[in-house]
K.L.:
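Submitted below is the structure of interest, expressed as structure tokens.
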Amino acid sequence: MNTDRTRLAASASAPSPKKKAMKTTTTRTIAAAAVLGAIAATTAISPAFAAPTATAASDAAMLAPYYTELDVTGDQQVTTADLDAASAQLGLTSTAPEWTTFGKLDSDANGTLTVADLAALSQRMIYDDGPFELIEASVIDMQAAMNAGVTTSVAITQAYLDRIAAYDDTPVAVGQRALNSVITTSTVALDAAAAADAARAENGMTSMLLGVPVAVKDNYDTVDMVTTAGCGCWNDNQTATDAHMVEGLRARGAVILAKASLDEFAFGFESQFSSFQKPGTSVFVASPYNTAQTAGGSSGGTGAAISANLAGIGFGTDTGGSIRVPSSYNQLVGVRPTVGLASRDGIVPLALTQDTGGPMTRTVLDAAVALDAVAGVDPADAVTQRQTGLVPESYTSSLSDTALEGKRIGYVAAMFDPSLTNPRATANATVLREWAETRAVLEAQGATVVEITPPAAFANVLNEGSGSTNEFKHDLDQYIATHLDPDVTARSLEGILANGNFVPSRATTYTTRNAVTPETYQAWAGPTGTHTTQLAAGKVLVTQMLDGQNLDAMVYPSAAPYGTVATNLRLSPNTGMPAVTVPMGQATDADGTTPIIGANVNLEFLGRDFTEGTLLGFAYDFEQATHARTTPTLFPALG
């Protein structure tokens, strides 16, 4: 299989079966000594499981500046080695030559290194020997607990498998949906976790993703689980290689835990799939906040799983809103990167003029860490050549709770209230209230919020359609030729229709897309096609809008409570420009939105090509000022 590929796959095992229950066996080990207590007693560190003192991977530097700026040993993280070096300099004063190296540790600025300065330094270690709580655990929480020996990747991985087994298939209320957020769990995830634990024991924390369980949308190829794209017609699609983005995750020690469900072949926003269902039937993904509601789509399974704490971080794909809609419905941070930042190779396509993959996480920091792992040039996806020289060492370096200070943030009023330009449209009360509160937050954080009067051609950008009709057949045929398991018999749209094992309501959709001719495709997506031309014009126009007002970003709501707002979601895919979406609040009784009280609204930041770091910084500043995400109460910690 896939003999045209040059990169080597990781060791492959037998195809993973449909997800199945796992035994509940979660264990933890507790470190015997607290870091700060050891400092106070001896000015040296000797915990039972030492925090990392060395690194075997160059990406260990990929930490937020808070965790790196006081490093004095050169490994770009604060470890026991830094504390030992600082301990040896206790009593050092600002007149000594060594002050050029150690003076930055003088946290109280009194001109002398003291035990208090060592205590402050210890706070920069990713190390926590207190109790570890899985619910809402961030990447930092996991790494700190694993570094301290409080828990292990094996224990965390097993705990997530236990939660999937307990919660994913079982409705929490009579007559409502089960979550249905996971299609397949990995039979080798615990082995990968054990390998991560061994790597940590030998080399310390070599990556911010070392041992972190990840769920990827089931259109990402994985060598240890089948890739169904949500369709029963591909239940046996065991690929020989990982998607390029999955390779990046594994290279940093992430544990690929599960394949998340999706709207079949990533078509729509309802997340309905037929994988491993009785032929002729399908199921829907549910929101973990209200299982009578959809989780959004097409990456709805990723959204529901990460929000319900069934995995550490997640990845989805976005053609016209498929990361940002479920992120909004499920109170997550979602990143739709610049087209060309992350390779699409090994991802089942929908429309390659607009397709891109990106993280969906519970925090902005997690999203930045996840994006670090997947950005990169890939010869198998030529568009990634655009990023050369434009990607930072780490997106975490942009995260600051003052990132918005002095920045100019633009908005188009009709993107919050469509009735301003469309008399037939209705403004959403929750969106308007949340925007008023959000604008005040942005301004309180030091931003200048600027209303933009868009040029007439801006409507063309928002009204350009998705390529999913005219491009799907062409792009799917390319994936089938280079990636699909040769034993799969449904090897074309015609073959899928003949197979019959797909979401029943999609027959007309597949028939229509199968009828698209090569001439129609070229007239749409060819070098001079109408769609190609409009996407290029959209990028130029929106960049000019930003430049003309000296704006650092634009903002707008990603969605309304379990609904959309006009054509907002098309702005990023119809320009190829990056967008980061972050929770800004939930519906209340005063909004009059019964029965969807508590339904979330996200704020989306859009910027120039390859400014993901800037946008993540803005989202982080906003997140720290609001902490708008809430935890789904329907899926508590297991007893």
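The basis for the numbers below is simple: all heavy atoms, side chains too, and nothing from hydrogens, waters or symmetry mates.
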K.L.:
Hey, are S328 and S558 close enough side-chain-wise for a donor-acceptor pair under 3.5 Å?
P.N.:
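No, because no side-chain N or O of S558 sits under 3.5 Å from a partner of the opposite role on S328.
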K.L.:
Taking the side chain from Q143 and the backbone from L210, do they hold a donor-acceptor pair closer than 3.5 Å?
P.N.:
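A pair under 3.5 Å: yes.
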K.L.:
Decide whether D218 and T184 meet the rule of one side-chain donor and one side-chain acceptor closer than 3.5 Å.
P.N.:
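No.
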K.L.:
Would you say the side chains of T363 and Y620 form a donor-acceptor pair under 3.5 Å?
P.N.:
no
K.L.:
Determine whether a donor-acceptor pair (N or O, by modelled atom type, separation under 3.5 Å) exists between the side chain of T222 and the backbone of D224.
P.N.:
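Not at all, since once roles are kept as given, no pair shorter than 3.5 Å links the two residues.
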K.L.:
Examine distances only and state if a side-chain atom of N330 and a backbone atom of L332 form a donor-acceptor pair shorter than 3.5 Å.
P.N.:
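The answer is no, because no donor-acceptor pair under 3.5 Å joins these two groups.
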K.L.:
Between T448 and R408, do the side chains contain a donor N or O and an acceptor N or O under 3.5 Å apart?
P.N.:
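The answer is no; no qualifying pair exists.
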K.L.:
Under 4.5 Å between any side-chain heavy atoms of D82 and L70, yes or no?
P.N.:
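They are not in contact (no side-chain heavy atoms under 4.5 Å apart), so the answer is no.
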K.L.:
Main chain of T241, side chain of T239: is a donor-acceptor contact present, judged purely on distance under 3.5 Å?
P.N.:
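Yes: the side chain of T239 pairs with the backbone of T241.
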K.L.:
Please check: side-chain N/O of D318 versus main-chain N/O of I323, any donor-acceptor pairing under 3.5 Å?
P.N.:
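Answer holds: yes.
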K.L.:
Taking atom CD of E136 and atom CZ of R362, what is their separation to the nearest 0.5 Å?
P.N.:
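Separation between the atoms: 5.5 Å.
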K.L.:
One pair to check against salt bridge (charged side-chain N to carboxylate O under 4.0 Å, His left out): R124 and E69. What are the steps and the verdict?
P.N.:
CA-CA 9 Å; R124 307 301 180 99; E69 60 192 2; 2.8 Å; yes
K.L.:
Check whether any side-chain heavy atom of F132 sits under 4.5 Å from a side-chain heavy atom of L134, and report yes or no.
P.N.:
yes
K.L.:
Could you tell me whether a side-chain N or O of D117 sits under 3.5 Å from a main-chain N or O of T114, the two making a donor and an acceptor?
P.N.:
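Present.
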K.L.:
For N309 and R163, does a side-chain donor sit closer than 3.5 Å to a side-chain acceptor?
P.N.:
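The answer is no; no qualifying pair exists.
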K.L.:
Under a 4.5 Å cut-off applied to non-hydrogen side-chain atoms, are I140 and L365 in contact?
P.N.:
yes
K.L.:
For residues 609-622, pull every pair meeting salt bridge (charged side-chain N to carboxylate O under 4.0 Å, His left out), keeping only residues two or more places apart or in separate chains.
P.N.:
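Qualifying pairs: R386-D609, K539-D609.
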K.L.:
Where does the angle between the aromatic ring planes of F622 and F605 fall among parallel (under 30°), tilted (30 to 60°) and perpendicular (over 60°)?
P.N.:
perpendicular
K.L.:
Could you check whether T396 and S394, counting side-chain N and O atoms only, form a donor-acceptor pair closer than 3.5 Å?
P.N.:
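Yes, because at least one side-chain N or O of S394 sits under 3.5 Å from a partner of the opposite role on T396.
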K.L.:
For T206 and N203, does a side-chain donor sit closer than 3.5 Å to a side-chain acceptor?
P.N.:
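There is no such pair between these side chains.
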K.L.:
Do we see a donor-acceptor contact under 3.5 Å between the side chains of K217 and T302?
P.N.:
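Side-chain D/A pair, K217 to T302: absent.
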K.L.:
Just verifying a value: how many Å separate D401 CG and E405 CD, rounded to the nearest 0.5 Å?
P.N.:
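Reported value, rounded in 0.5 Å steps: 9.5 Å.
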K.L.:
Given 3.5 Å as the limit, does a donor-acceptor pair link the side chain of S307 with the main chain of A304, or not?
P.N.:
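Not confirmed, S307 side chain does not pair with A304 backbone.
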K.L.:
Please check this pair: side chain of K407 against backbone of L551, looking for a donor-acceptor N/O pair closer than 3.5 Å.
P.N.:
no
K.L.:
How many angstroms lie between atom CZ of F315 and atom OG1 of T361, to the nearest 0.5 angstrom?
P.N.:
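Rounded to the nearest 0.5 Å, the CZ-OG1 separation comes out at 9.0 Å.
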K.L.:
Answer yes or no: is there a donor N or O on one side and an acceptor on the other, between the side chain of T93 and the main chain of T112, under 3.5 Å?
P.N.:
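No, the answer is negative, given that no donor and acceptor are paired below the 3.5 Å cut-off.
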K.L.:
How many angstroms lie between atom CG of L118 and atom OG of S87, to the nearest 0.5 angstrom?
P.N.:
4.5 Å
